[in-house]
Amino acid sequence: MEPSRSPEPSDELSEADARGIQRVVQRLRKAKRILAVTGAGMSADSGLPTYRGVGGLYRNEAATPRGHSIEEVLSGPMFRERPELTWNYLREIERACRGARPNRGHQVLAEMDGYFDSVWILTQNVDGLHAAAGSQNVLDVHGDLHEILCTNCGYRRRVEDYQGLANPPLCPSCGAVLRPDVVLFEEWLDADKLRRLESELRTGFDVVFSIGTSSLFDYIVEPVRLAQAAGKTTVEINPDLTGISELVEVKIQAPAATALDRIWEGH
């Protein structure tokens with residue numbers, strides 16, 4: 001699949017979504033601290049598939065080796081046992097991301113940095129598009145596909161894509177296997193990033209957005225629950241219904257780029 005190049009957001013909105021956007025605009029006028037929790041749907045308008053897998057970017061069960069699920073193939077234990085197999089599927093994920101550019105939704109969140117006192121992004125995505133758009137405070141808790149590190153020494157480098165890498169690629173310093181700095185299945189999230197998230201949550205946010213995520217994990221849902229309990233504004237932007245759709249104050253069933261563009265246009 002060849003990613004599309006950041007299509008313009010559609011102007012089509014339902015009456016309910018238009019009303020919801022106006023409510024969000026009103027809340028933002030009094031807000032100082034913003035949190036956006038984003039998932040694969042955030043990058044859909046950049047041409048990336050909203051599939052599950054590492055960072056929500058892979059679903060092709062027929063392509064996996066017989067007897068193994070995609071979760072097993074893309075797991076820490078499998079990487080340690082058969083790194084070349086895991087790398088095969090990491091390459092598929094990278095290929096799906098290749099050439100993608102930040103869409104209008106990413107750009108809006110980056111533009112918010114200069115308007116509010118503090119804007120934080122908690123993302124499940126591994127595509128690096130929030131940072132590419134210019135957002136300053138990005139907690140990419142699942143990592144970044146483009147950061148490559150050694151499993152043995154301190155070697156690390158950033159790559160544009162995986163073309164030209166051996167399978168598996170080996171460290172030029174010590175010869176050990178390299179891996180992308182992403183969280184595979186059965187691995188722990190980055191403790192430093194989680195501590196920073198907890199610190200920011202203790203300070204609190206005036207508006208918490210949940211954007212393009214199915215909200216399956218506690219650490220993704222918790223910011224919404226905390227904001228709701230504190231009487232703060234909670235907003236879900238997602239065409240689909242999720243586990244938090246009935247919890248949030250404002251539910252907007254529109255694509256991320258469309259909704260965020262309209263919100264920012266009206267602020």
Between [X] and [Y], which heavy-atom pair has the shortest distance, and what is it?
| X | Y | answer |
| --- | --- | --- |
| Leu122 | Pro223 | CD2-CG, 4.2 Å |
| Ala259 | Ile252 | CB-CG2, 4.0 Å |
| Pro102 | Gln107 | O-NE2, 3.7 Å |
| Val119 | Met112 | CG2-O, 3.5 Å |
| His267 | Val25 | CA-CG1, 3.8 Å |

Is [X] salt-bridged to [Y], going by a charged N under 4.0 Å from an acidic O?
| X | Y | answer |
| --- | --- | --- |
| Glu249 | Lys232 | no |
| Arg158 | Asp144 | yes |
| Asp181 | Arg156 | yes |
| Glu200 | Arg33 | yes |
| Arg179 | Glu187 | yes |
| Asp140 | Lys193 | yes |

Begin from the C-alpha positions of Asn88 and Asn167 and carry the test side chain to side chain donor-acceptor pair (under 3.5 Å) through to its verdict.
-> CA-CA 8 Å; Asn88 281 339; Asn167 189 24; 2.9 Å; yes
Partner of Arg104 by side-chain hydrogen bond (donor to acceptor under 3.5 Å, both in side chains), out of Asp261, Asp45, Thr258 =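 Testing Arg104 for a side-chain hydrogen bond (donor to acceptor under 3.5 Å, both in side chains) against Asp261, Asp45, Thr258 leaves exactly one candidate, Asp261.
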Glu84 vs Arg82, salt bridge (charged side-chain N to carboxylate O under 4.0 Å, His left out): CA-CA, chis, key distance, verdict = CA-CA 6 Å; Glu84 74 286 349; Arg82 297 182 61 189; 3.6 Å; yes
Is there a side-chain contact between Leu247 and Thr234 (heavy atoms, below 4.5 Å)?
->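 Leu247 vs Thr234: side chains apart.
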